[in-house]
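The chain is numbered in sequence order, starting from 1. Because the structure is predicted, anything quoted here is derived from the model rather than measured.
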Amino acid sequence: MLHITYNYALQTLCGAPHNVCNDEGKLEGLPLNRTLGDYDVIAGTFFVVGLTEDDFCSLNPEQVKRYEDLYHDPQLFYPLGDSIFVENCSPERYRQVMNPEEHREKTPPPKQTSTPER
């Protein structure tokens, strides 16, 4: 279920609770998506919207630029003991790590050599 999350980290990062995400994403085992400063991590899909007194609204151009800059490049997450290492990476690097079989170099199978019979 998607809803406005009232997560303290989101409020600190964005100034108001206007990120929409699955608040139970980590409990449901959804993949980690983005860090929120050094407070938390969003798991699963999310989106950013403006918020009026009682409804969603469009972001203004400055907000669009801010969040595009903030969330443009993906992040990779690696478990490291009791913590998580986060790699900010390019979209190409993200695809290579997440879909390694698509990015392996295609090498022809080794040539079969015939051995003389004895």
Side-chain angles (χ1 to χ4, degrees):
M1 176 174 145
L2 293 176
H3 64 88
I4 298 174
T5 182
Y6 293 96
N7 180 301
Y8 173 75
L10 290 174
Q11 292 180 34
T12 301
L13 179 68
C14 303
H18 58 273
N19 284 302
V20 181
C21 66
N22 183 337
D23 203 31
E24 295 183 352
K26 285 184 264 184
L27 296 174
E28 293 176 4
L30 296 177
L32 300 179
N33 190 324
R34 289 289 187 281
T35 56
L36 300 172
D38 59 356
Y39 300 101
D40 205 352
V41 177
I42 294 176
T45 304
F46 74 100
F47 59 95
V48 179
V49 296
L51 189 62
T52 65
E53 287 184 29
D54 59 356
D55 204 358
F56 295 135
C57 66
S58 297
L59 299 175
N60 64 43
E62 293 81 24
Q63 290 170 319
V64 169
K65 178 162 179 21
R66 177 182 179 197
Y67 292 110
E68 167 61 21
D69 291 346
L70 186 63
Y71 295 128
H72 178 76
D73 290 328
Q75 294 180 317
L76 293 167
F77 298 86
Y78 303 96
L80 187 63
D82 291 339
S83 61
I84 297 172
F85 173 77
V86 180
E87 176 187 350
N88 295 311
C89 63
S90 67
E92 295 79 22
R93 166 87 172 128
Y94 183 84
R95 283 190 296 274
Q96 288 174 343
V97 171
M98 299 307 287
N99 301 306
E101 63 280 348
E102 292 177 14
H103 298 280
R104 283 197 186 108
E105 288 189 31
K106 306 265 193 271
T107 57
K111 291 183 179 178
Q112 300 266 338
T113 58
S114 59
T115 56
E117 290 185 31
R118 297 183 183 194

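Here the CD1-CG distance, from Ile84 to Leu76, works out to 12.5 Å after rounding to the nearest 0.5 Å. Taking CD of Gln96 as the reference point, atom OG of Ser90 lies at 7.0 Å (rounded to 0.5 Å). With rounding to the nearest 0.5 angstrom, the CG atom of Asp73 is 8.5 Å from the CD atom of Glu68. Here the CZ atom belonging to Arg34 is positioned 10.5 Å from the OG1 atom belonging to Thr45, to the nearest 0.5 angstrom.
The two residues Asn88 and Gln75 make their nearest non-hydrogen contact at OD1-NE2, 2.8 Å. For the pair Leu51 and Cys57, the tightest heavy-atom approach, listed with the atom from each and the gap, is N-SG, 3.6 Å. Minimum heavy-atom separation, Leu59 to Gly50: CD2-N, 3.4 Å. Listed here is the closest heavy atom pair of Leu36 and Tyr71: CD2-OH, 4.0 Å. Minimum interatomic distance between Ala43 and Gly25 (heavy atoms only, all atoms of both residues): CB-C, 3.7 Å. Pairing each heavy atom of Glu87 with each of Tyr78, the nearest pair is OE1-OH, 2.9 Å.
Within 6.0 Å of the CZ atom in Phe77, the count of heavy atoms belonging to other residues, nucleotides or ligands exceeds 12.
With contacts defined as side-chain heavy-atom distances shorter than 4.5 Å, the pair Arg66/Val48 does not qualify. Counting heavy atoms from C-beta on, the side chains of Glu24 and Leu30 never come closer than 4.5 Å.
Salt-bridge check for Glu92 with Arg95: passed, with a basic side-chain N closer than 4.0 Å to an acidic carboxylate O.
Hydrophobic clustering of Ile, Leu, Val, Met, Phe, Trp and Tyr side chains at less than 4.5 Å, counting indirect connections, keeps Met98 apart from Val41. Residues Leu32 and Val86 fall within the same hydrophobic cluster, defined by Ile, Leu, Val, Met, Phe, Trp and Tyr side chains chained together at heavy-atom separations under 4.5 Å.
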